[in-house]
Structure formats: C-alpha cells, structure tokens
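Contents: one structure, followed by commentary.
Treat the numbers as computed from the prediction; the structure is a model and nothing was measured. Below, chain A is the first sequence line, B the second, and so on; all start at residue 1. Only this structure's heavy atoms are used, side chains among them; waters, hydrogens and symmetry mates stay out.
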Amino acid sequence: MIAVLKHELHIYFRSLTAYVFGAFLLAFVGLGSMLYNLQAAVSNFEFVLSFGCLVFVVIVPILTMRVIAEERKLKTDQLLYSLPVSTTEVILGKYLALLAVYLLPLCLISLYPLFFSQFGDVYLPTSYGSIFAFFLLGAALIAVGVFISSLTDNQGFAAGIGIAVILFNYYSVSLSEYVSSSALGSLIALCLIIFALALIIRYVTKSDSVAYAFCIILLAGLAILCWVDTGALEGLLPEIMTKLSLFERFYVFVNGVFDMTGIVYYISVIVFFLFLSVQSLEKRRYN
Amino acid sequence: MISVEHLTKCYGDFVAVDDLSFEIDEGHVYGFLGPNGAGKSTTMNIMTGCLSATSGRVLIDGHDIFEEPRPAKKLIGYLPEQPPLYMSETPLEYLRFVGQAKGLRGEELQRQIEEVIDQTKIQDVKGKRISALSKGYRQRVGIAQALLGKPRVIILDEPTVGLDPIQIIEIRELIKELGRSHTVIFSSHILSEVQTICDEIIMIAHGRLVAFDEPGKLEKKLLSPNEINLVTDAGAEQTQSLLSAIEEISSVSTSPMDGGYLRAEIKTGGGDIYAVSRKIFNAFKATDKVLLEMSLKKANLEDLFIELNEGGAGHTLAEGKEEDEK
C-alpha cells in the first residue's frame, strides 16, 4: 500500500495534476473569501466554503479521472495484478494519495480563519467545523470519482460522467422541489432508478442473472410498499433526492451545527465507494 | 514448481483454455508455443494471478495463486505481452516502485535495482523517460521489473514480438542467460525461437495441450520421416502399379517432369522407412526402368506446427503422448 501511495504521489506532483487541483481550489476559495469576508465584511468563514464547494464539480473529476482508467488504458493494471499487493491495498494507496493532494491546499485554507480573526471577530468553532465537513465532502466526492474511473479505460469519459454525477448531486435538492411529489410520480421514478441501477449492475458484473435478481427484488419490495401503504410513497422521491445529496449534509455544518450523523454519512459513502472500486478492479480479473 | 491443473477459462460461450494441465520443474527454460489466439496469454495471465480461471487451479510451489496470492506471487516475475510501463517515469523510478511493491526496502532495494539494471543492460537509459525509449529498451525495462525481488520463475509473454532482428537476438540471449539462474517460461508463436532457446516445449492449440517434450525428442517422436520422393523414367501408370503392390504405402501422387521423367511423392503409413525404400528399390529392380533419384523427406517442427494448428490432428498427438507415458 505504501509503495502504491508513494508512487501515486510521485505521479501527481511530477505532473501538473496536483498543482492545477490545488490552484483551482485555492483560487475559488480565495475568491469566495474576498467577496464574503473582505468586500461584504461578513465574519463567517463557513459561507465562503459553502460558496467554494461548487468548485468540486470541476476539480474532483479532473483529479480522479486518470486514477484507474489510465492504468487500464496503459495496461499497467496487469502489473498491479501480478504484484504481491492486494487490490484493496491498491485502491487504498491510490485513495490516500488523492487525499494527500487534496489536503495540501486545504491546510492553507484552514489558515484563513486565523488570519481573519486578527482583524475582526471570527467565530472559530463553526469555521473549523465547516472546514472539517468540507474536507469530508471532498473526500467522499473523490471516492465517488475513484469508482467512476474504475469503470472505464477512457479518462475523458470518466471525467464527463464524474462532472455529471457531482453536478446532479449538487443540484439535486433544488431539483427535488420541481419533481413530482405524488405517489404515482415517485413510483414511476423509483422504477426508473431501479432499472438504471440494474443496468449499471449488468455492466459491472456482466451477469444477467444478478441484474435481473436485483431488479426483481427491488421491484417486489416497491410493489409491497405500494400495496401496504400508498401514502408512504407520497413525497418519497424528493426526499430521497435530498437524502442522497452530499452537499446538503455539508450545509448543515455551514449553518453551525456539528452534525455527527453527517460525519457518519460521509464516512459510509467513502467506504461504500472504495469497496465498489475494489470490486470493480477485482471483477476485471473475472472477465 | 508450478503445476497447472485442469485449467479452463471461458469468455461467455468461447472456451479460451480447455482443461489444460501440465507441470513445470525448476531450472529449465520452457517455451510456450502456439498460434495467436491459442490461449497462451490467457494461460499466462491465469498463472500469474492477473486473471481468474473458470475452473481448475494453479499451484506455485504449493501455493494456490488465488487462495494464497501473496506467497505465490513473490515466486513469480511476470512480463505481460504489452510491457506495463508508466511512460512518464524513468526506468529507475519505475523499478523503485515495483521493488517497493514487491516488499524490498532500503539498501536491498538499491542493490537489486542495480543488479537488474546490469543484467538487462539498461544502464545507459536508466535516467531517461520511458516514453523516449525504443521498443527493445522498453522490453528490457519490463524484464528488469520481472526480475526484481529475485523470483524463482520468470514468465515472459511474447517478449520478442515487435522488435527488430538485432533486438530479438539480444532478448533471446538475455532469456538464455536468465535460464541459467531462473526457471523461465516464455511464449512465442515463432517456432525456431522456441527450438533454439528452450529445454522443453509446451505446445498448445485451441486452448488444449498438444505436445509437451524436449524439442529434439518431440521432433524424433512426432516427426519420423514418412514421405519418400523419387524420380524415375517409368510412366505414371507403371509407377502407380509398381508402388501399389507395396502395402506400407498409403498414397502416391505423380507429376511429369521435363525430359519424360516422372516425379512421385509417396506417403507411407509409418513404420521403418528404410524397409519401405528397400521394397521400392526392389520393385523397380525387377523392371527395365530405374530409380534416378530417391529421397526421404524429413518433416520439421514447422510442418508439425502447421498441421497441429489446422485442427483435429492435435488431439490425437497429445492423447498419444499420454498413452506413451502410461
């Protein structure tokens, strides 16, 4: 794992990736603090972060697109498979390297509240609480990015899908206000989501039976729910969209609440997507 | 050292490797021979843990490559068909990464890197970016990578493909040299290459084992001459009737030559070839026509290879061999 970590760090800091990522993040957060803290003279640093998290939509996919897709393209994944290193170690090493690249600019950012507190009254606990949540948000998005990169050998495709997924996640709360909250609307939407998930499973596992089983079980569950309590479906879709939003959890911290469930949520997302990445890498051995 | 047991790999309906079993002993150079698409790469990928088998297993010194990948993989150095190189790095950086991943640290790592650089003769290019290296050098860096960690078995997948003749000779020399200190398995679809470098040939076609023996013995066993060519001044009909009286002869084809001579190609059903030529000689002696030329046609591995890969013939050979062993 250490070898993979070192190697990845070496690659990031030799190429422009780490610097471009850091520069974008710093520029965006810097812009935010200029607008909020300096021009508007607001003393809350957390608003800057809530403004700055939009930058993840672009920089996370750019950072993560190559992480596994490139290995596949250059066939260097064969080296990783033949080395006495497990796929879990490979994914963890790669993920930790990405976190390091992300943490570096974040360390600089975490100095901002201290600077501002020299010139005014900054409430530091909420500032650092949100910086911590900001870190977790980024870490979770990077885990999603790693998984997307593991699905394809085309970096551009990985980046495109990554941007689409994170953008959708960013706007899912605003979108949820527009989607139908009726029981029928939720039912149709849930069916579509189940079909989409089954398609993804079909693509990842290349097994029809698994995809069908998944589809049938979820559809049956949905039918039972529908039959037992139609009322439960009402407003279910907007609720799910809100619940799935990684950004929405972050705004809780911005509003000054140190939300333990949020932390658990982020960590679960990280573990879940890293697990999927390991499976995706492992699966390639079977095809 | 390595035992491959009833290995089968299917891609959907397509069977790439079909119930393949063989044993590899320590200290030999094995040539893994077969045409493109015979299942060589698939087998090698499974042996090195890069690919899973549909059924069957591979034991490396008693360690199942899938059950205990770590100890098994430490015994193997693998160079896949396309050398797995990070183009933006220098060979030195690349080897350092691979060495670390193989568990080497500190001085031992430095020492082994120096050693494999010497062995593969990449001293001059170790500081250049891999993307700037020629294909021959890239192949060497790939081999250097496989040598790190002092594995007992080196597996090379088509190491000479795409190289120019001089590079091919150099890589062959390198393989021979490695064979002195390691067990080497390398695949190729070029017969002469395998014939010159290997102690043992593993021949596969359509995912099945076709033959497994020393090159010399293989030739002797499978390629005893069974064809006689002759030139005579007898007519086609007379020749046919003379030869058809000899029971060992299975077929005769004749073609006229300039000057009224006749060329006949005779296939025998095997057995003592000289006994057949004696009979032919005696048959002609009894007439007023003479044999002007008679030669035994020796097949070579190349012919065998082509024949085996054309289909069915292969199975009988492998089965024949198994029966021999019994």
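Of the inter-residue distances, the one linking A:Leu83 atom CG with B:Leu148 atom CG reads 10.0 Å to the nearest 0.5 angstrom. In this structure, A:Ser82 OG and B:Met44 CE are separated by 12.5 Å, a value rounded to the nearest 0.5 Å.
Remark: the backbone N or O of A:Tyr81 is paired with a side-chain donor or acceptor of B:Lys73 at under 3.5 angstrom.
Your options are A:Arg14, A:Lys6, A:Glu70, A:Met1, and the one with the most heavy-atom pairs under 4.5 Å with chain B is A:Arg14. The residue among B:Lys74, B:Gln82, B:Met87, B:Glu93 with the most heavy atom pairs within less than 4.5 Å of chain A is B:Glu93.
Atom CZ of B:Phe22 has more than 12 neighbouring heavy atoms from other residues, nucleotides or ligands inside a 6.0 Å radius. When the shell of 6.0 Å around NZ of B:Lys128 is examined, it contains 12 or fewer heavy atoms from other residues, nucleotides or ligands. For B:Phe66, the CZ atom sits in a packed shell: over 12 heavy atoms of surrounding residues, nucleotides or ligands are nearer than 6.0 Å. Sparse packing is recorded around CG of A:Leu16, with 12 or fewer heavy atoms of other residues, nucleotides or ligands lying under 6.0 Å away. Counting non-hydrogen atoms of other residues, nucleotides and ligands closer than 6.0 Å to CZ of A:Phe24 gives a total of 12 or fewer.
When only modelled atom types and interatomic distance are considered, B:Glu89 and A:His7 share a side-chain donor-acceptor pair under 3.5 Å.
A:Ser15 does not touch chain B: none of its heavy atoms, backbone or side chain, sits under 4.5 Å away. With a threshold of 4.5 angstrom between heavy atoms, B:Pro80 approaches chain A through its backbone and through its side chain.
Between A:Thr76 and B:Leu85, the shortest heavy-atom distance links the atoms CG2-O, 3.4 Å. Contact record, A:Pro84 with B:Ala101: CG-O, 4.0 Å, taken as the closest heavy-atom pair. The shortest heavy-atom contact between A:Lys75 and B:Pro84 is O-CB, 3.6 Å. Nearest heavy-atom pair across A:Ile11 and B:Tyr86 is CD1-CD2, 4.4 Å.
Between A:Leu79 and B:Gln145 the shortest side-chain heavy-atom distance falls below 4.5 Å. Using a 4.5 Å cut-off on side-chain heavy atoms (C-beta onward), B:Asn45 and A:Gln78 make contact.
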Could you list the donor-acceptor pairs under 3.5 angstrom formed between side-chain atoms of residues 263-282 of chain A and any protein atom two or more places apart in sequence or on another chain?
unit_1, atom_1, unit_2, atom_2, d
A:Tyr265, OH, A:Lys243, O, 3.1
A:Tyr265, OH, A:Leu244, O, 3.2
A:Tyr266, OH, A:Leu246, O, 2.5
A:Tyr266, OH, A:Phe250, N, 3.1
A:Ser268, OG, A:Val264, O, 2.5
A:Ser277, OG, A:Phe273, O, 2.7
A:Ser280, OG, A:Ser150, O, 3.0
A:Ser280, OG, A:Ser150, OG, 3.0
A:Glu282, OE1, A:Thr87, OG1, 2.5
A:Glu282, OE2, A:Arg285, NE, 3.3

